[in-house]
Amino acid sequence: MGKFTPETSINKEKTREWHSKKSRLGAITVLTLGLGLAALIHATPAQAAVCTFTDPYDTQDFQGPYNWDCHRVPGSTDDAIIPQGKETTLNDNRELATLVVDGRLTVFADASTTLLRANTITIHPGGSMTTKNSTVEALQTLTNQGLLFVDTGNNQIITEQLINEGQMSLVDNAGPEFTLPPVNRLPQLKIKQGLINQGIINGGKGAMELLGTWTNQGQFNAGEGLVRFNGRDVSQSVPVGTFYDLLITNQGGEVTSAGDGKIVVNNELIVQSINSHDVIGGKPTSFAPTASLLAKYTTISAATLKIIQTYADLGDVALTGLFSGFRLSGVIDGQLVVGKNGIVEMNNFSNSGRLYHSNPLGTVKIKGNWVQEPFYDCGGPPSSDPEYYAGGLLILTGAVDQTIPCARAGVGSIAQLIIDKPAGSKVDLSDDLSLTDAVTLQGGTFRSRGHTIYLSGNWTNQGGIFDSGSERVYITPSQLPTQSLKGEKNFYDLVIDKNNGGEVAVAGETIVNHQLYLKTGGAPKTNLVVRAPFTVRGQTIVRPNNIISVADGQTWTAEGTIANEGLIIPETRRSQIVHRAEAVQFTDANGQSVSSYAAVNKKVTAYLTVHDTNRNLDGTKVETVTVPVWVEKDGQPEARRMVQLTETTAASGIFRAAETWPVNNKKTVIVTKERRRNKPCRPNDAECFDTTYEVVKEVVVPVRLVVHYTDPLDSTESTKVAVAVNF
């Protein structure tokens, strides 16, 4: 059965023949018949009848009484039948009790919209109905077992229930374009109670609006059409499959997926809340959950996802993805909620509400542009339900540069952030960002752009680039017993402020370029455990009740100063802390550096100062350190001794000592001289020599005080200083 239109379905030649036959009837006969029929109609109301379209003259004229075996055009109490092999066109308004189409029916008007209304409309196998510029309304049920063809023009089919066992095609819609907000595209097919599809529905470029349920046991071809779920206080279901535009405006009920599989939206998935409650002063007086989509056991993917609020104080908007055995409840303020184990994938994301993820993780994956109006709130659970508190997973991918439009107002809505983009592609922050679980950089560049990242979980860099600028990554309190840092070599400031204690582990090579700050005060203590190479190129600050622990065989390199008021613990002898003493010097009694000493009574008192914050292992108390010091004469050590230095105050890292040495800058020299005779001598002939004698002489030699400072925690460190002793 091919496509047909009202123009081709009406046989114009047969119509002219019928009018020729009718003209041969006498005028009197026609007049008499007309008066008789009129009198009969006024005298006796028409009884309900079954009227079959016989069309004896093959005019295909629905409005001709002579074409019906009940001898009148069927009305609101009549059952009309278009039998097999018959074609007809209805081009004026008509109400029927029932309509059965076994042949072909076209509902069409050139100038104005035609209205066809019946309690039930049934299209049997082999039958077809085509509408153009028409409204067809089935007050109870429309059953299509043949062909239902909605042609171009301003068309609507409205029914309580549609049962499609044949083929239904929506071609186009001449109504307003599909623009949001508001939604003003006219629905071509409006189903108030339920749609049961066991055949084929071709979406074409048309629009379907469902106020009730959709049971899909057949085939749905999306085309470029729109499907709108617009129920009120009723649960609706979206069948798995492919849509072009999918619009959710359900109010007061739930919209769920219909089972296992995947819902794919090729163009736009729109979740829009529309207020239908009483309004006072421009704001609704009561709210009910609106515009929600729950996808049980289903993955939802859309080219573009839009969350739209018609009014700021409208109520609830929610979208969830794949999850098992979870029912959405209690969302607030018009949110996008990604449900338990939910998966929502999209190229572009446009949202005018908030974004919340549930726990266990709900996933939002964005490949393209992210437009957020008027704000993106990273904080606070969407309800009192603890399922929501821990947040979900946000994955940013694709080659498009993206911005996270996040205003930090608390914690709880993003647990994990994964950035997995091609090289050269960037993700920027537009405000401070809170994350309750983890950051993983797999590719691309993540730029803080002058904003702070608050992290209650783990940080892992597996191949991305972190452009920290001069900003902080702030490690905050967490329910995790251990938070890890792994593979990030571009932290600028790293602040650990857990408050509730716990452990932060360096699990992969990590570098802090400016400052490491263990800030937590009070008990319990926070333990920073170095389990991989860890380098701090700037200052390290350890406040009271914090511990830096270097695991067996691991190395912590502190290239700058260390201000320690907590504890620094090498776990074993194989643990290494690489840190040069900031200064080792001789001073006078006032602590001023000296280049030489003058011996008094051949004794000298030397004042030694060592600046070594690395030696300040316990910042809660005054510590001591012992170093070797000796007198060196003529380049050789003499009078070697161990000197104990004491810290000036707790956590200062400055160690001092005063020691007195006897200094002798003279050396006794024994000189042996000999004189030879002028006569020849035999070997070993004593008479060949003059008298041999010894001369003892004192000479002045250079004397220096020397300190050789080696930190036992850092075998690579060896610092040697010396001063001369002058007489």
Side-chain angles (χ1 to χ4, degrees), residues 265 269 299-307 319-322 335-339 341-358 361-373 375-379 390-408 411-469 471 473 486-488 490:
V265 182
L269 169 59
T299 298
I300 298 177
S301 67
T304 299
L305 172 64
K306 291 184 178 179
I307 309 299
L319 174 72
T320 70
L322 175 65
Q335 318 301 339
L336 165 61
V337 178
V338 182
N341 296 326
I343 302 173
V344 178
E345 299 181 21
M346 66 204 80
N347 285 335
N348 303 307
F349 180 31
S350 175
N351 183 26
S352 64
R354 299 180 184 176
L355 171 62
Y356 288 121
H357 298 203
S358 72
L361 294 179
T363 299
V364 172
K365 186 175 184 179
I366 304 173
K367 298 180 180 179
N369 296 313
W370 183 351
V371 178
Q372 188 73 31
E373 295 178 355
F375 63 90
Y376 172 37
D377 186 359
C378 286
L393 170 60
L394 172 63
I395 303 176
L396 299 177
T397 65
V400 176
D401 290 346
Q402 296 168 304
T403 298
I404 301 177
C406 170
R408 181 181 185 261
V411 294
S413 74
I414 295 181
Q416 292 190 26
L417 171 64
I418 294 177
I419 297 176
D420 187 9
K421 300 173 69 66
S425 180
K426 298 180 288 294
V427 173
D428 292 343
L429 291 183
S430 64
D431 208 324
D432 295 349
L433 177 66
S434 293
L435 293 154
T436 62
D437 193 350
V439 172
T440 302
L441 306 183
Q442 295 177 339
T445 300
F446 182 30
R447 304 193 299 181
S448 61
R449 305 288 287 178
H451 303 295
T452 300
I453 298 173
Y454 296 86
L455 181 63
S456 301
N458 307 313
W459 184 291
T460 303
N461 192 329
Q462 297 175 340
I465 297 173
F466 178 47
D467 183 353
S468 60
E471 301 306 317
V473 172
K486 185 177 182 180
E488 183 52 69
N490 201 31

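Being a predicted model, the structure only gives us computed values, none of them experimental.
- Under the 4.5 Å side-chain criterion, counting only non-hydrogen atoms from C-beta, W459 is in contact with L441.
- Applying the ring-ring contact (aromatic ring centres under 6.0 Å, His included) test to pairs two or more places apart or on separate chains, none has a residue in residues 425-444.
- The closest side-chain heavy-atom distance from L433 to H451 is not below 4.5 Å.
- F446 pairs in a side chain to side chain contact (heavy atoms under 4.5 Å, CB included) with only one of the listed residues (L417, D428, I465), which is L417.
- Side-chain contact between L396 and K367 is absent, with no heavy atoms from C-beta onward closer than 4.5 Å.
- Note: R447 CZ to I419 CD1 = 11.5 Å, rounded to the nearest 0.5 Å.
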Test side chain to side chain contact (heavy atoms under 4.5 Å, CB included) on L455 and D437 and set out the steps.
CA-CA 7 Å; L455 181 63; D437 193 350; over 6 Å; no

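- Atoms CG and CD1, on D432 and I453 in that order, are 9.0 Å from each other to the nearest 0.5 Å.
- Considering only heavy atoms from C-beta on, V473 stays 4.5 Å or farther from Y454 through its side chain.
- Separation of atoms CG (L429) and CZ (R449) is listed at 10.0 Å; rounding is to 0.5 Å.
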Tell me, with the steps shown, if S425 and D401 meet side chain to side chain contact (heavy atoms under 4.5 Å, CB included).
CA-CA 6 Å; S425 180; D401 290 346; 3.8 Å; yes

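- Formation of a donor-acceptor pair under 3.5 Å by the S468 side chain with backbone atoms of N490 is found in this model.
- Side chains of K421 and Q402: a donor-acceptor N/O pair is present below 3.5 angstrom, by distance only.
- For N369, there are no side chain to side chain donor-acceptor pair (under 3.5 Å) partners, not counting sequence neighbours.
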Could you give me the CA-CA distance, side-chain angles and deciding distance for I404 and V427, then say whether side chain to side chain contact (heavy atoms under 4.5 Å, CB included) is met?
CA-CA 7 Å; I404 301 177; V427 173; 3.9 Å; yes

